Student: 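Here it is, the structure, as structure tokens.
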Amino acid sequence: MSRPLREVLQDPEVVQGLQEHPGTYRFPSGASLVVSAVHWPPHVVVSQDVAGSLSVGGPMALLLDTVAGSLNFTYRIVTPADGTWGAKLENGTWSGMVGQVSRQEVDIALGPFGITESRSKIVDFTRSFYFDDRSVLVGKGVPEVDSWFFLHPFSAFVWVALLATLLVAWLALLVLGHHPSDAGLVKWASHLLFRQLQVLLQQDATVSLFLGVERLVGGGWVVVAMMFMWSYQGILVSLLAVRHIPHPIQTIRDLVDHASLTVIMEPNTIVTDTISKIRSGELKELNDLKYVGRVRYEHAKMFPWALDTLVRRHTHVVISTSLSSDLFIADLFARTGRCDFYKARQTFFSSTNCIIGQKGSPIVPVISYRIRPLVESGLYGHWLVGDIPFLVSCRASPSSITVRESLTLTNIWGTLVLLGSGFLLASLVFCLELCFARRCSA
């Protein structure tokens with residue numbers, strides 16, 4: 001049976017071999033390491049058998065097995081009592097895996113860990129084998145009917161261009177057209193504008209155009225108006241079949257301002273430790289949510305449950321690494337066949353992914369040396385992608401869908417409101433005209 005690493009490293013020849021030949025040295029008689037790990041898919045999957053023994057799977061386990069075979073050591077898996085990465089406590093000690101390494105209870109901890117100044121004072125880090133950032137994982141809204149769909153067929157620029165074309169055509173007819181001698185200028189100008197609006201709205205409009213220039217301008221406006229309205233009608237019919245899926249949270253600011261949402265995060269991580277020290281900005285506001293009861297701390301193994309219950313009810317969001325968020329979405333897609341969640345557009349807090357070891361331990365730089373070819377060859381990234389079968393299934397899920405159903409008041413209530421408002425306005429104008437006519441006749 002192999003001796004513990006601490007005893008093996010008491011041999012000066014072993015230490016000298018590790019330092020002088022980090023790429024080729026192997027423990028002559030083997031060694032036994034105690035390795036700390038916490039369940040953190042897709043990097044690390046910790047499982048327990050019926051006898052209570054722990055084992056690890058996932059890309060980190062493959063990396064550990066590769067290094068173990070190269071250095072000729074075996075290992076035993078343990079996990080911290082609080083199941084966390086580790087944070088500095090008020091009494092100066094550390095919790096989680098960092099605490100286990102700093103107290104020399106374990107030889108290395110898989111993590112993966114982000115590098116911080118406070119951690120680097122008590123543990124050593126291997127070279128980074130992966131970079132990742134943090135994402136906000138949110139539940140998609142229920143497909144909704146946009147009752148103001150009739151405003152969307154064209155952009156604001158197209159509407160402004162149409163109005164400009166109408167005014168240019170009106171001014172051209174007003175300046176170049178034949179002005180009847182029995183009509184005042186204001187009356188004739190309003191008559192021309194009204195007739196052009198009738199053409200645009202496809203109403204029965206007749207305008208007497210005598211000169212060639214008048215016919216050219218008037219005919220050009222008819223062509224422009226008809227092309228515009230035919231396009232508008234075609235797009236409008238298509239939009240009647242569209243349902244929009246709300247994606248309300250896209251940034252940290254959106255999350256902070258949405259008072260009904262609670263944030264779920266992993267406790268005692270580099271994220272919680274760092275944002276607690278920030279003195280201004282959105283990340284400080286994110287940290288301050290814990291003072292108003294809007295932060296809930298859960299271990300990573302609870303995230304899939306939280307997604308399928310709390311986040312699905314649109315009362316919570318999950319902050320996790322982008323890769324882990326992809327894994328959670330992919331796993332739920334494999335179970336349900338639906339893409340019910342999305343990652344917010346804004347990501348934040350990029351960090352390294354490293355293994356840690358005891359301060360000054362000669363095995364840490366040797367592990368770094370063995371990790372380097374795995375990273376440069378892209379092997380670790382390949383292992384990660386291979387562990388997420390439906391990784392890209394929901395990345396391009398649409399924010400709108402099409403349906404086939406009969407029109408209801410829900411679909412067109414916005415149109416009816418606009419129509420009713422027009423009728424009310426027309427009735428008001430008609431009543432005013434009657435009042436003015438009676439006063440003028442009196």
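No experiment lies behind these values; they were computed from the predicted model shown. Each residue takes its place number in the sequence, starting with 1.
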Student: Is the count of non-hydrogen atoms from other residues, nucleotides or ligands lying under 6.0 Å from K301 atom NZ greater than 12?
Tutor: no
Student: For a 4.5 angstrom cut-off between non-hydrogen side-chain atoms, does Q196 reach L173?
Tutor: yes
Student: Flag yes if more than 12 heavy atoms outside F73 fall under 6.0 Å of its CZ atom; otherwise flag no.
Tutor: yes
Student: Do L63 and W383 make a side-chain contact, defined as non-hydrogen atoms from C-beta onward lying under 4.5 Å apart?
Tutor: yes
Student: Should the pair K140-D340 be classified as a salt bridge under the 4.0 Å nitrogen-to-oxygen rule?
Tutor: no
Student: List the atom of L327, the atom of P41, and the distance in Å for their closest heavy-atom pair.
Tutor: CD2-CB, 3.2 Å
Student: Looking only at atom types and distance, does a side-chain atom of Q346 sit under 3.5 Å from a main-chain N or O of I252, one as donor and one as acceptor?
Tutor: yes
Student: Taking E117's backbone N and O only, do any of them form a donor-acceptor pair with S120's side chain (distance below 3.5 Å, no angle check)?
Tutor: yes
Student: Can a donor-acceptor pair be found, under 3.5 Å and without considering hydrogens, that links the side chain of S427 to the backbone of F423?
Tutor: yes
Student: Would you call R119 and D273 a salt bridge, taking side-chain N to carboxylate O under 4.0 Å as the test?
Tutor: no
Student: Step by step, work out the side-chain contact (heavy atoms from CB on, under 4.5 Å) result for F129 and I355.
Tutor: CA-CA 9 Å; F129 48 84; I355 296 173; 3.9 Å; yes
Student: So how far is it from L255 CG to I249 CD1, rounded to the nearest 0.5 Å?
Tutor: 6.0 Å
Student: Going by distance alone, is a donor N or O of one side chain under 3.5 Å from an acceptor N or O of the other, for T93 and R103?
Tutor: no
Student: Atom CG in L18, atom OG in S361: separation rounded to 0.5 Å?
Tutor: 8.5 Å
Student: Is there a side-chain contact between I363 and D107, using heavy atoms and a 4.5 Å cut-off?
Tutor: no
Student: Side chains of I319 and F349, heavy atoms from C-beta outward: is any pair under 4.5 Å?
Tutor: no
Student: Is any side-chain heavy atom of H316 closer than 4.5 Å to one of L261?
Tutor: no
Student: Could you check whether any side-chain N or O of R370 sits under 3.5 Å from a backbone N or O of P22, counting only pairs where one atom can act as donor and the other as acceptor?
Tutor: yes
Student: Is a side-chain N or O of Q48 found less than 3.5 angstrom from the main chain of G52, in a donor-acceptor match?
Tutor: yes
Student: What I want to check is whether the side chains of S135 and S322 have a donor and an acceptor closer together than 3.5 Å.
Tutor: yes
Student: For the CZ atom of R294 and the OG1 atom of T262, what is their distance to the nearest 0.5 Å?
Tutor: 7.0 Å
Student: Begin from the C-alpha positions of L137 and V317 and carry the test side-chain contact (heavy atoms from CB on, under 4.5 Å) through to its verdict.
Tutor: CA-CA 6 Å; L137 197 52; V317 300; over 6 Å; no
Student: Compare every heavy atom of W305 with every heavy atom of T309, then report the nearest pair and how far apart it is.
Tutor: OG1-O, 2.7 Å
Student: Say you draw a straight line from CG of L200 to CZ of F228; how long is it, rounded to the nearest 0.5 Å?
Tutor: 6.5 Å
Student: Short question: side chain of T66, backbone of L62 - any donor-acceptor pair under 3.5 Å?
Tutor: yes
Student: So, taking the atom named CZ in F341 and the one named CD1 in I329, what distance separates them when rounded to the nearest 0.5 Å?
Tutor: 8.5 Å
Student: Which pair of heavy atoms, one from M97 and one from I356, lies closest together, and at what distance?
Tutor: O-CD1, 4.5 Å
Student: Minimum heavy-atom separation for S320 to F328, with atom names?
Tutor: OG-CE1, 4.0 Å
Student: Please state whether the rings of Y380 and H43 are parallel, tilted or perpendicular, taking 30° and 60° as the class boundaries.
Tutor: parallel
Student: How far does CZ of R296 sit from CE of M265, to the nearest 0.5 angstrom?
Tutor: 13.0 Å
Student: Under 4.5 Å between any side-chain heavy atoms of V56 and V45, yes or no?
Tutor: no
Student: Take Y297 and T272 through the side-chain contact (heavy atoms from CB on, under 4.5 Å) test and state the conclusion after the steps.
Tutor: CA-CA 10 Å; Y297 294 106; T272 57; 4.0 Å; yes
Student: Does the side chain of L33 reach to within under 4.5 Å of the side chain of I108, using non-hydrogen atoms?
Tutor: yes
Student: Within the distance-only criterion (no hydrogens, no angle test), does the side chain of S102 pair as donor or acceptor with the backbone N or O of V98 below 3.5 angstrom?
Tutor: yes
Student: Is K284 salt-bridged to E282, going by a charged N under 4.0 Å from an acidic O?
Tutor: no
Student: Taking all non-hydrogen atoms of both residues, which atom of A37 and which atom of V44 are closest, and how far apart?
Tutor: CB-CG1, 4.2 Å
Student: Any donor-acceptor pair under 3.5 Å linking the side chain of T274 with the backbone of V271?
Tutor: no
Student: Give the minimum heavy-atom separation between W40 and E266, together with the two atoms involved.
Tutor: CZ3-OE1, 4.1 Å
Student: Looking at R335 and D308, does any basic side-chain N land under 4.0 Å from a carboxylate oxygen?
Tutor: yes
Student: Please lay out, stage by stage, how R127 and T352 fare under the test side-chain hydrogen bond (donor to acceptor under 3.5 Å, both in side chains).
Tutor: CA-CA 9 Å; R127 67 172 292 128; T352 58; over 6 Å; no
Student: Quick one: does N353's side chain have a donor or acceptor within less than 3.5 Å of a partner on S128's backbone?
Tutor: no
Student: Taking C-beta and beyond as the side chain, do H299 and P267 meet within less than 4.5 Å on heavy atoms?
Tutor: yes
Student: Begin from the C-alpha positions of S53 and R76 and carry the test side-chain contact (heavy atoms from CB on, under 4.5 Å) through to its verdict.
Tutor: CA-CA 9 Å; S53 299; R76 176 172 61 89; over 6 Å; no
Student: So, does T315 use its side chain to make a donor-acceptor pair with the main chain of V311 at under 3.5 Å?
Tutor: no
Student: Please check if the number of heavy atoms outside K343 that lie under 6.0 Å from its NZ is greater than 12.
Tutor: yes
